[in-house]
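Computed from heavy atoms alone, side chains included, the values below leave out hydrogens, waters and symmetry copies. Atoms within each ligand, like the ligands themselves, are counted from 1 in listed order.
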Amino acid sequence: QFQMIRHEDLRLEESLGRGSFTRIFKGSKTDIREGERQNTDVLLKVLDGSYKNCWESFFEAASLMSQISHKHLLLVYGISVHRSENIMVQEFVKYGALDLFLRKKQGSVPVSWKLDVAKQLACVLNFLEEKKIVHGNISAKNLLLAREGDSSIGTSPFIKLSDPGISVAVTGRDVALDRIPWVAPEVLEAPETWGMECDKWSFGTTLWEIFNGGKAPLQGLDPQQKLMFYENHEQLPSPKWTELADLIGRCMEYDPALRPSSRGIIRQLNSLITSDPGLSAHADKDSF
Ligand SMILES: N#Cc1ccc(Nc2nc(N)cc(-n3ccc(CO)n3)n2)cc1
């Protein structure tokens, strides 16, 4: 279900940091098209740790992404296995992870920009829901910015949802605890029972990140404190904008059955966008 890429057709360039189980590099892949060499910029995710079920889940994530295609889903070219190295080869998305971008922009991003990004994520969530596919790792760091968007010249942002990575069903409980408050509470209790609703919970957390300058929620809490956050059915601090707070609260319902469908989320986002025409102008609407 996806292409095996020869190691000799890949070139690792600079390191771009690490995911939870992977090191990521900018690189290039060489193809021969109609008899001529063609180089493509790629993002290489090198899986470290060699225990078996990790790379099975890694490749499952890659194959999931290559079986479906959508304009807001990251393109995965394939994988390359070389000695003990397992490498996922992805399209290189120009502006990188959304959380870092938002932190760098420090609140100078207009509310209309944030709503546009939120709507794009809701659309790809709807696409996955219709295909009965659970992503399982929706977060601002897994949203990649392909176009910055600049309201002064009338261009809007464009995001791509990254691969889900290693699923919490195969990682240890410590990684699952570390993913609080993105991982839905029910997934923590019984990872194999997770359903579509778990992506709605993570959508709520991601919405919170987008309107909170890309800051990570519950940062600084240790795993035990994070667990207590769920045990006590606590909620993230609400933004002042009540309609936004309502939507985040509805997505982050502890009872999965009470969470909105992706169509419901899109409807609510549309009403946020129209809720105050002056809204898209001033930015303080999303102050916490
Ligand atoms: N400075 C800078 C800079 C860094 C990265 C990119 N591009 C990119 N393309 C992808 N396909 C995936 C990623 N990721 C980044 C974190 C994760 C974790 O999931 N992925 N970054 C562009 C600019």
Side-chain angles (χ1 to χ4, degrees), residues 2-3 5 9-29 31 39-49 54-55 57-80 85-106 109 117 120-121 124-125 128 134-150 157-168 170-171 175-176 178-179 182-183 199 202-203 205-206 209-210 214-217 219:
F2 44 62
Q3 198 194 353
I5 296 167
D9 292 340
L10 291 175
R11 202 153 43 83
L12 250 66
E13 288 154 14
E14 71 265 28
S15 160
L16 292 174
R18 348 176 20 96
S20 20
F21 290 81
T22 56
R23 282 165 295 132
I24 56 178
F25 299 84
K26 185 168 183 330
S28 66
K29 83 178 166 81
D31 302 277
N39 268 353
T40 312
D41 275 352
V42 292
L43 189 285
L44 299 165
K45 269 193 181 178
V46 181
L47 179 67
D48 43 57
C54 196
W55 65 260
S57 177
F58 183 72
F59 290 155
E60 239 167 68
S63 75
L64 167 87
M65 299 301 281
S66 22
Q67 276 161 23
I68 45 179
S69 84
H70 185 274
K71 62 181 178 176
H72 290 306
L73 272 182
L74 180 76
L75 176 60
V76 172
Y77 292 115
I79 54 161
S80 177
E85 276 203 330
N86 298 300
I87 302 175
M88 189 191 305
V89 184
Q90 311 179 341
E91 69 171 304
F92 184 78
V93 180
K94 195 163 185 306
Y95 297 98
L98 183 67
D99 62 332
L100 298 183
F101 178 84
L102 289 171
R103 276 180 234 153
K104 204 170 58 186
K105 286 283 172 178
Q106 271 313 331
V109 170
V117 162
Q120 293 177 33
L121 177 56
V124 67
L125 227 53
L128 292 174
V134 181
H135 183 278
N137 200 0
I138 310 275
S139 68
K141 85 168 172 42
N142 280 336
L143 284 180
L144 305 164
L145 199 57
R147 200 174 58 218
E148 264 199 61
D150 178 345
F158 196 90
I159 53 112
K160 298 217 170 201
L161 177 59
S162 183
D163 66 283
I166 314 292
S167 108
V168 286
V170 303
T171 64
V175 168
D178 203 38
R179 283 200 192 164
W182 289 271
V183 65
D199 283 343
S202 318
F203 177 85
T205 314
T206 306
E209 292 182 274
I210 292 170
K215 276 200 294 299
Q219 205 166 29

Do me a favour and list the nearest non-hydrogen protein atom to [atom] with residue, atom name and distance?
{"atom": "atom 3 (C) of ligand 1", "result": "G96 CA, 4.3 Å"}
{"atom": "atom 13 (C) of ligand 1", "result": "L144 CD2, 3.6 Å"}
{"atom": "atom 2 (C) of ligand 1", "result": "L16 CD2, 4.6 Å"}
{"atom": "atom 17 (C) of ligand 1", "result": "I24 CD1, 3.8 Å"}
{"atom": "atom 8 (C) of ligand 1", "result": "V93 O, 3.5 Å"}

Okay, side chain of [X], backbone of [Y]: is any donor-acceptor separation there less than 3.5 Å?
{"X": "Q106", "Y": "R103", "value": "yes"}
{"X": "R23", "Y": "V46", "value": "no"}
{"X": "S63", "Y": "E60", "value": "yes"}
{"X": "S28", "Y": "N39", "value": "no"}
{"X": "E91", "Y": "L75", "value": "yes"}

As a test of understanding, state which of [options] forms a side-chain contact (heavy atoms from CB on, under 4.5 Å) with [X].
{"X": "M88", "options": "T22, L47, V76", "value": "V76"}
{"X": "V124", "options": "H135, K160, H70", "value": "H70"}
{"X": "Y77", "options": "D31, T40, L10", "value": "T40"}

Output the list of atoms in ligand 1 that are nearer than 4.0 Å to some heavy atom of F92, sorted by atom number. 6 (C), 7 (N), 22 (C), 23 (C)
Show the atoms of ligand 1 that are less than 4.0 angstrom away from any heavy atom in K45. 19 (O)
Examine the proximity of ligand 1 to [X] and report which part, side chain or backbone, both or neither, has a heavy atom under 4.0 Å away.
{"X": "K94", "value": "backbone"}
{"X": "L43", "value": "side chain"}
{"X": "N142", "value": "side chain"}

R11 CZ: over 12 foreign heavy atoms closer than 6.0 Å: no
Counting both backbone and side chain atoms, is some N or O of L74 under 3.5 Å from an N or O of ligand 1? no
Does Q90, backbone or side chain, put an N or O under 3.5 Å from an N or O of ligand 1? yes
K26 touching ligand 1 at heavy-atom level, < 4.0 angstrom: no
